[in-house]
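What's counted below: heavy atoms across the whole structure, side chains too, no hydrogens, waters or symmetry copies. In what follows, chains are A, B, ... by sequence order, proteins preceding strands, each numbered from 1. Since the structure is predicted, the reported quantities are computational estimates derived from the model, not experimental observations.
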2 protein chains.
Amino acid sequence: MTASMNIEAPETAPRARDRFERMHAAIRNRICLLDYAPGTRLSEEALAAEYGVSRTPLRRVLGRLEGEGLLQSVHGVGTFVTDVEIGELIQTYQLRLELAELTGKLSAVAPDEALWQDFRALSARSKAMIDAPDPRRFAQLNMDFFLALLRLTANEPLKDICERLYFQTTRIWLKSVFASRIDLADEVDIFDREVHDILRALEIGDLHAAALIQRAHISMSFERMRRNA
Amino acid sequence: MTASMNIEAPETAPRARDRFERMHAAIRNRICLLDYAPGTRLSEEALAAEYGVSRTPLRRVLGRLEGEGLLQSVHGVGTFVTDVEIGELIQTYQLRLELAELTGKLSAVAPDEALWQDFRALSARSKAMIDAPDPRRFAQLNMDFFLALLRLTANEPLKDICERLYFQTTRIWLKSVFASRIDLADEVDIFDREVHDILRALEIGDLHAAALIQRAHISMSFERMRRNA
DNA sequence: GTTTCTTCTGTTGTGTACAACATAATTGAC
DNA sequence: GTCAATTATGTTGTACACAACAGAAGAAAC
């Protein structure tokens with residue numbers, strides 16, 4: 001029965017669209033996890049070669065990333081990872097605070113069993129990170145936890161916007177954290193407490209409280225960043 | 001003095017980027033003003049010919065519009081103007097309500113003289129529209145007024161998001177209004193009252209009240225649309 | 001030595017031919 | 001006549017060659 005399903009399931013997977021999505025996600029993660037730091041110049045030809053395609057489909061991906069504010073192409077010069085000046089960063093964080101609260105107020109859904117499992121795994125990763133802090137893995141964990149929390153929001157447009165703003169600003173915050181090795185351990189500690197607090201609120205079933213805790217942590221992490229910079 | 005400024009101002013206008021922006025705005029307006037109704041198939045070749053370019057730069061524009069949720073390309077079939085199903089529409093409007101209130105609460109700026117002039121012109125256009133209702137011109141007026149109001153918001157990311165959501169949903173609302181000729185006159189009346197009320201709030205200097213009025217009108221227009229559909 | 005102009009180099013942007021794909025039309029078997 | 005397979009047609013997606021462009025390096029004038 002399951003076999004017959006697998007046999008009959010090419011599932012209308014358009015090869016082109018799938019490849020686009022994979023390249024897009026890959027390059028976006030590299031930017032947001034600081035593999036490509038702000039200001040870095042990307043080589044269209046090198047990236048195209050890496051993915052075994054010509055410049056044309058790659059440029060389509062870069063165009064999308066430019067629309068999302070992560071890249072900027074200049075004719076005859078290059079394609080650069082964008083940086084965010086402090087003024088816009090402040091505005092974005094103010095907005096993220098309000099939106100974080102909205103996610104709790106506006107149509108939030110209780111986590112299902114699959115999400116609970118993911119949360120437990122994330123909690124374990126967070127605890128393990130305390131003994132062995134690592135910048136890159138911390139960045140990945142932070143992103144995974146954020147995306148997991150986002151699954152509590154039923155409002156799709158709001159979800160998209162929060163994701164967009166996260167990808168836009170987190171790399172700047174990460175850059176500030178990674179600047180000094182000492183502070184990383186502190187940030188890991190603080191993050192673990194945030195995970196713990198939010199999961200406890202979720203266990204009680206208080207989604208609004210969870211959102212408020214997240215909001216508070218976004219605000220505080222932004223404050224720490226401003227003082228470091 | 002002003003002459004010398006004009007002489008020395010080629011102003012680093014990259015021909016390619018400028019052309020991209022113009023094509024993007026033009027096609028976006030056609031979609032949002034219902035020249036291209038939801039479900040319409042766009043011809044890449046015809047559009048490219050219209051703007052005197054090849055498919056390559058045009059496809060870049062279409063790709064951006066796809067990223068903004070206004071188009072969807074399917075390999076071997078065509079590029080179609082997206083429609084919005086009722087479920088997502090409800091979510092988007094709920095979100096727009098909250099964001100409208102945010103624009104008043106979060107860093108709003110008083111209008112300058114240029115904006116006042118634009119508001120007066122918009123008010124006049126609104127009054128004139130009552131005697132001679134016209135679907136296309138009403139759509140344009142509605143958009144212009146929305147964009148003018150948006151200039152009161154200092155928070156750039158919030159501004160971008162509101163604009164994005166407006167472009168995403170208004171065409172659906174317009175489609176509903178245009179469906180019956182009778183209701184257009186009513187909508188024009190209601191719109192004129194909205195303009196009047198908001199401008200009065202602005203004259204007093206109460207930006208928050210203006211945002212609340214706008215919020216109320218968004219909510220009511222959405223209710224009217226649901227009942228018509 | 002300084003400045004200006006020219007040339008060179010590497011990048012993004014564009015035009016064009018063709019491949020991949022989906023669908024409608026046609027053909028053929030029965 | 002019906003249904004299947006096949007062909008035909010029109011679309012988006014891709015590859016590649018070249019144009020447009022910006023900046024650096026170098027040459028020439030003084």
Side-chain angles (χ1 to χ4, degrees), chain A residues 8-27 30-31 36-83, chain B residues 8-27 30-31 36-83:
Chain A
E8 221 202 309
E11 192 54 43
T12 70
R15 219 179 79 259
R17 190 159 205 83
D18 194 47
R19 182 167 63 183
F20 174 87
E21 297 292 347
R22 284 185 308 123
M23 288 166 65
H24 174 75
I27 298 178
R30 288 184 189 178
I31 294 172
Y36 300 143
T40 305
R41 187 174 68 77
L42 267 54
S43 168
E44 291 187 352
E45 208 146 347
L47 278 174
E50 179 184 340
Y51 289 101
V53 296
S54 85
R55 278 180 55 212
T56 308
L58 177 81
R59 277 175 61 76
R60 191 171 183 169
V61 174
L62 298 187
R64 177 67 61 94
L65 291 169
E66 187 171 11
E68 293 166 354
L70 298 178
L71 290 180
Q72 184 168 13
S73 291
V74 183
H75 189 180
V77 181
T79 311
F80 300 91
V81 178
T82 57
D83 205 340
Chain B
E8 220 202 309
E11 194 53 43
T12 68
R15 217 179 81 258
R17 190 159 204 83
D18 194 47
R19 182 167 63 184
F20 173 87
E21 296 292 347
R22 285 187 306 126
M23 290 167 63
H24 174 75
I27 299 179
R30 287 185 189 177
I31 295 172
Y36 300 143
T40 305
R41 188 174 69 76
L42 268 52
S43 169
E44 291 188 353
E45 209 147 346
L47 279 173
E50 179 184 340
Y51 290 101
V53 296
S54 85
R55 278 180 56 213
T56 310
L58 177 82
R59 277 174 60 76
R60 192 170 180 166
V61 174
L62 298 187
R64 178 66 62 94
L65 290 169
E66 186 171 12
E68 292 165 355
L70 297 178
L71 290 180
Q72 184 169 14
S73 291
V74 184
H75 190 180
V77 182
T79 37
F80 301 91
V81 178
T82 57
D83 204 339

Just N and O in the side chain of Arg15(A): are any of them under 4.0 Å from OP1 or OP2 of dG13(D)?
no

So if I take every side-chain heavy atom of Arg41(B) and compare against dT11(D), dT12(C), dT12(D), which nucleotide ends up nearest?
dT11(D)

Which part of the nucleic acid, if any, lies within contact of Glu45(A), taking any heavy atom under 4.0 Å across all strands shown: a base, the sugar-phosphate backbone alone, or nothing?
nothing

Touch class at under 4.0 angstrom, heavy-atom based, for Arg60(A) against every strand present:
sugar-phosphate

Closest to side chain of Arg59(A), choosing from dT12(C), dT14(D), dG15(C)
dT12(C)

Do Arg60(B) and Val53(B) come within less than 4.5 Å of each other through their side chains, counting heavy atoms only?
no

Here the distance between atom P of dG13(C) and atom CG of Leu58(B), to the nearest Å, is 16 Å

Categorize Thr79(B) for me: base, sugar-phosphate, or nothing, with a 4.0 angstrom heavy-atom threshold over every strand shown.
sugar-phosphate

Both Val77(A) and Val53(A) contact DNA chain D. Taking the nearest nucleotide for each, which residue is further toward the 5' end?
Val53(A)

Quick check on dT14(D): is either OP1 or OP2 less than 4.0 Å from any side-chain nitrogen or oxygen of Arg55(A)?
no

Minimum side-chain heavy-atom gap Arg64(A)-Glu68(A) below 4.5 Å
yes

Does the dG13(D) base have a donor-acceptor partner in the side chain of Arg17(A) within less than 3.5 Å?
no

With sugar-phosphate meaning primed atoms plus P, OP1 and OP2, does Leu42(B) contact a base, only sugar-phosphate, or nothing at under 4.0 Å between heavy atoms?
sugar-phosphate

Go through dG15(C), dT14(D), dT12(D) for me and flag the one nearest to the His75(B) side chain.
dT12(D)

Can you identify which nucleotide, out of dT14(C), dT14(D), dT12(C), has its nearest atom closest to the Ser73(A) side chain?
dT12(C)

In whole angstrom, give the distance that lies between atom CD of Gln72(A) and atom P of dT11(C).
18 Å

Locate the shortest heavy-atom distance separating Phe80(A) from Gly39(A); write the atom from each residue and the value.
CD2-O, 3.7 Å

For side chain to side chain contact (heavy atoms under 4.5 Å, CB included), just list the numbers for Leu71(A) and Tyr36(A), CA-CA rounded to whole Å, side-chain angles, deciding distance to a tenth of an Å, and then say yes or no.
CA-CA 11 Å; Leu71(A) 290 180; Tyr36(A) 300 143; over 6 Å; no

Whole-Å distance separating the CE atom of Met23(A) from the C1' atom of dG13(D)
13 Å

Contacts of Gly76(B) and Glu66(B) projected onto DNA chain D by closest heavy atom; the upstream (5') one is Gly76(B)

Separation of Tyr51(B) atom OH from dG15(C) atom P, in whole Å?
15 Å

For the pair made of CG in Leu71(B) and C1' in dT12(D), what is the distance, rounded to whole Å?
13 Å

Between CZ of Phe20(B) and C1' of dT12(C) the distance, given in whole Å, is 14 Å

Where is the tightest heavy-atom contact between His24(A) and Leu65(A), given as atom of each residue plus distance?
CE1-CD2, 3.4 Å

Nucleotide nearest Glu44(B) when distance is taken to its side chain, options dT12(D), dT12(C), dG15(C)
dT12(D)

Measure from the side-chain heavy atoms of Pro57(A) and tell me the nearest of dG13(D), dT12(C), dA15(D).
dA15(D)

For a quick test of reading the model: is some side-chain N or O of Thr56(A) closer than 4.0 Å to OP1 or OP2 of dT14(D)?
no

Would you call Arg15(B) and His75(A) a side-chain contact if the rule is heavy atoms closer than 4.5 Å?
no

